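Following: one structure in structure tokens, then a few remarks.
Because the structure is a prediction, the values reported are computed rather than measured. The figures here come from the full heavy-atom set of this structure, side chains too, leaving out hydrogens, waters and symmetry mates. Numbers restart at 1 for each chain; the letters A, B, ... are given by sequence-line order, proteins then strands.
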Protein chains: 2
Amino acid sequence: MREKRDQSSEPEVEGNLKPGGATLADVSKLAGVSSMTVSRALHKPEVVSKKTLEKVNWAVEQLGYIPNMMAGSLMSKRSRLVAVFVPTVAHSIFADMVQALMHSLARKGYHTIIGVTEYSDKQEQELVEAILGRRPDGIVLIGTQHSDLTRKRLQVSNVPVVEAWDMCDEPLDMLVGFSHEEVGRAIARHLLSKGFRRFAAISVADPRGIRRIGAMLDELAKHEIVDVPHLYLPIPATLSTGRDGLRQLLECNGRPEVVVCSSDTIAQGVLAEAASRGLKVPNDLAVMGFGDLSSASQVYPSLSSVRLDGQLVGETIAKVLLDRIAQKSSATRGLRVDTGFNIIDRESTRRS
Amino acid sequence: MREKRDQSSEPEVEGNLKPGGATLADVSKLAGVSSMTVSRALHKPEVVSKKTLEKVNWAVEQLGYIPNMMAGSLMSKRSRLVAVFVPTVAHSIFADMVQALMHSLARKGYHTIIGVTEYSDKQEQELVEAILGRRPDGIVLIGTQHSDLTRKRLQVSNVPVVEAWDMCDEPLDMLVGFSHEEVGRAIARHLLSKGFRRFAAISVADPRGIRRIGAMLDELAKHEIVDVPHLYLPIPATLSTGRDGLRQLLECNGRPEVVVCSSDTIAQGVLAEAASRGLKVPNDLAVMGFGDLSSASQVYPSLSSVRLDGQLVGETIAKVLLDRIAQKSSATRGLRVDTGFNIIDRESTRRS
DNA sequence: AAACAAAATGTTAGCGCTAACAATTTAGAG
DNA sequence: CTCTAAATTGTTAGCGCTAACATTTTGTTT
């Protein structure tokens, strides 16, 4: 276990380390093997003899060596980095998905960079351009609506892409999510079957929310229910969105039997506004949410909603991404996974 | 604007690009300048002549060139990456802070890697060790409680560190947050001054929540109020935590005048449970939250809480981190910024 | 013990970029 | 029009690592 001393500034084992920390070369000198062997000992221990492995691990320990992934990635062309772009993180329905995604990726040694697009295609585009400089091994986007330049950049860059939280016929690459149109139609049919006839809708002006409500209105129209009052309020969706929304509806359109909301948050705002006006839910006013936040079942009265398994979406994204990376062929181009949804009927739409 | 053709595989301007995209060398050839000039044109355009700048920009455009940050960082020793470790992202009080932090960093060209520690020191340690391999320019940790190895690694690595969302005398490096003990005492004094005497508390078993409640109990004891029933329930805090908590309290300890909760989410659960039992808030039972989520002012009855400016914390973290990086001296080692808090009195603690 | 395959280790080259310094061009002063 | 300083551009070297191939060591077979 001799140390070979030569020209380069060698970090003292117990003293000051050189700036930036020890390098492979330092470890290899201390362990008395070549730097390639150290590299192998760290990343492919099965091809290194037990004795050598011990020497290397000892040296790594001594020096507190931490491999420089930038250097490694530069050569190996694998950054072990995945970029995820979401409209928002704060108190959002995407949080579960993102957390599950990060967790699944972390278990395989991947790190996640998050970018917040604030529902803006332009911002998404800038973030994508910037992130491509890090040569991520994968990119996850929410939705299927992207600027032309974003599409082109992604196509050219040849990075595996997963579009999430939506469904369409021709994804950019891979797609994991569910159909917002189907959700809208399912809500319409569900509430119709429960006997509701006088509908109203409150949504924020987010493209997927609008599509859900639009599909619901279409379905209702097929059943001769037209002129359904509906509001598209500004992003972000907060409780006030629901409170203001209900207030406006009541003032301008009278009281509907049921209000369909584009998120549980809005629905809870509606519940709060109804409570403050002495309106009994569901008898005076039924309420339907979307997202099935953990709070939906716990508010009083409990809130009917549409359950989306954000965790499943996140895990599925990780899976399809890692599969693609592992096989290195783009055989899964065009892959679409529908994670579905469930309508959850609770007190807020229970007819007496 | 001639193209020089020589040995290396040159990407066709309109044809197939070589794998991994164009390089600086490709751009420099096409622009007819040295690669160093291209590098300067991109990162220090003010030292390059206007004519050259145009040529370079044209070539960059033609090739769709995106600089490889890994290579750049390797040489320049600046990764423009900041790692943030939070206990959780989903529906949490940290989301605002993280979002503001990411936003501030992104504006300066920094990317953010997020790690979820799930309130575990061990997990934090593993994430820190892993992330150090990317040579981040800064690390943000929630709280001041870290494993010894985490501390040592951070010290040795010499990365600027910000501990957030807490206050202590001897931070690892920099610290941005507020004192949980002071919050607890302030809540006690506030509610005492409103005439409340029969207290109860519901917290989750997160160290900072426990410290807040502990400090409150100490302060109450100073005013001869002892044997205050208090519950520490399992993480994570959900509405059910509040519902179960109140149920337990009522069964075992009778009805207090006021329930202090370690988060707004718990408090909203308490509100829901109270509503379902026909208890009127605040007259039968007053409720105090913590965090002042946007929903706190919108639920019915509106919820008294402790406001923390998550956005301010996030922005401040970004500021101290970027300042440190810019000046490259560690003059700000030991810097502590107290972002404070405010008690917000709403209907849920309004005595009739 | 020779002969070979398999296992383990070493050597070389270079990923794509930037720091540091060297060389050249341009502009300004006399 | 020369001379110098300032502005601009180029050259060299190498960041820390890994792919690909070359070499050495070990174990097995006859």
Side-chain angles (χ1 to χ4, degrees), chain A residues 4 7-11 17-29 31-56 59-60 63 65-80 132-135 157 328, chain B residues 4 7-11 17-29 31-56 59-60 63 65-80 132-135 157 328:
Chain A
K4 288 189 232 161
Q7 81 297 342
S8 82
S9 67
E10 202 162 327
L17 299 165
K18 62 179 174 191
T23 69
L24 252 201
D26 298 327
V27 177
S28 70
K29 268 176 224 154
V33 296
S34 76
S35 59
M36 198 59 228
T37 300
V38 176
S39 176
R40 280 191 281 250
L42 294 172
H43 301 296
K44 284 193 162 190
E46 69 277 8
V47 305
V48 173
S49 75
K50 223 179 115 200
K51 216 171 57 188
T52 307
L53 210 54
E54 274 167 18
K55 283 193 293 187
V56 170
V60 165
L63 296 170
Y65 172 68
I66 294 181
N68 185 326
M69 292 184 77
M70 287 189 297
S73 299
L74 186 57
M75 195 63 212
S76 70
K77 311 255 180 215
R78 302 174 85 251
S79 62
R80 293 188 161 270
L132 283 174
R134 298 209 187 259
R135 303 296 188 263
S157 72
K328 302 196 105 174
Chain B
K4 289 188 232 162
Q7 82 296 346
S8 83
S9 67
E10 202 162 326
L17 299 165
K18 64 178 171 189
T23 69
L24 253 200
D26 298 326
V27 176
S28 71
K29 268 175 224 154
V33 297
S34 75
S35 58
M36 198 59 228
T37 299
V38 176
S39 175
R40 280 191 282 250
L42 295 172
H43 300 296
K44 283 192 162 190
E46 70 276 10
V47 306
V48 173
S49 75
K50 221 178 114 200
K51 216 170 56 188
T52 308
L53 210 53
E54 274 167 19
K55 283 192 292 187
V56 170
V60 165
L63 297 170
Y65 171 68
I66 294 182
N68 184 327
M69 292 184 77
M70 288 189 298
S73 298
L74 186 56
M75 196 63 212
S76 70
K77 312 256 180 213
R78 303 176 84 251
S79 62
R80 292 187 161 272
L132 284 173
R134 298 210 187 258
R135 303 296 188 264
S157 71
K328 304 195 102 175

Closest to the 5' end of DNA chain C, once M36(A) and N68(B) are matched to their nearest nucleotides, is M36(A)

Contact nearer the 5' end of DNA chain D, comparing M69(A) with S35(B)
S35(B)

Looking only at dT18(D), dG16(C), dC17(D), the nucleotide nearest the T23(A) side chain is dC17(D)

Output the rounded distance in Å from CG (L24(B)) to C1' (dC15(C)).
13 Å

In whole angstrom, what separates R135(B)'s CZ from dG16(D)'s P?
8 Å

Would a 4.5 Å heavy-atom cut-off, applied to side chains only, mark D26(B) and T23(B) as touching?
yes

I need the CG-C1' distance between D26(A) and dC17(D), as an integer number of Å.
13 Å

Specify the separation, in whole Å, of atom NZ of K44(B) and atom C1' of dA7(D).
14 Å

Looking at every strand, decide which applies to S34(B) at a 4.0 Å heavy-atom threshold: base, sugar-phosphate, or nothing.
base

When rounded to whole Å, the CD to C1' distance for the pair E46(B) and dA6(D) reads 16 Å

Would you say Y65(A) reaches dC17(D)'s phosphate, i.e. side-chain N/O to OP1/OP2 under 4.0 Å?
yes

Using the rule given for side-chain contact (heavy atoms from CB on, under 4.5 Å), can you reason through L74(A) versus R135(A), listing the C-alpha separation, both sets of side-chain angles and the distance that settles it, and then say yes or no?
CA-CA 9 Å; L74(A) 186 57; R135(A) 303 296 188 263; over 6 Å; no

For dA7(D), does OP1 or OP2 lie under 4.0 Å from any side-chain N or O of S49(B)?
no

Side-chain touch T52(B)/T37(B), heavy atoms, less than 4.5 angstrom
yes

Are the side chain of S28(A) and the backbone of V38(A) linked by a donor-acceptor contact shorter than 3.5 Å?
no

With heavy atoms under 4.0 Å as the rule, sort T37(B) into base, sugar-phosphate or nothing.
sugar-phosphate

Side chain of M75(A): nearest nucleotide among dT9(D), dG14(C), dG16(C)?
dG14(C)

Please tell me which of the listed nucleotides, dA19(D), dC15(D), dC17(D), lies nearest to the side chain of K77(B)?
dC15(D)

Suppose we call a contact any N or O donor and acceptor under 3.5 Å apart; does that hold for the side chain of R40(B) and the base of dG10(D)?
yes

How close do S35(B) and L24(B) get, counting heavy atoms only, and between which atoms?
O-CD1, 3.7 Å

In whole Å, what is the span from the CG atom of L74(B) to the P atom of dT18(C)?
11 Å

Whole-Å distance between dG10(D) P and K29(B) NZ?
15 Å

Short side-chain N/O contact from S39(A) to OP1 or OP2 of dT18(D), under 4.0 Å:
yes

Using atom CZ of R80(A) as one end and atom C1' of dT18(D) as the other, report the distance to the nearest whole Å.
14 Å

What nucleic acid atoms does S73(B) come within less than 4.0 Å of, heavy atoms only: base, sugar-phosphate, or nothing?
nothing

Close side-chain approach of V60(A) to L42(A), heavy-atom, < 4.5 Å:
yes

Looking only at side-chain atoms of H43(A), point me to the closest of dT9(D), dT18(C), dT18(D).
dT18(D)

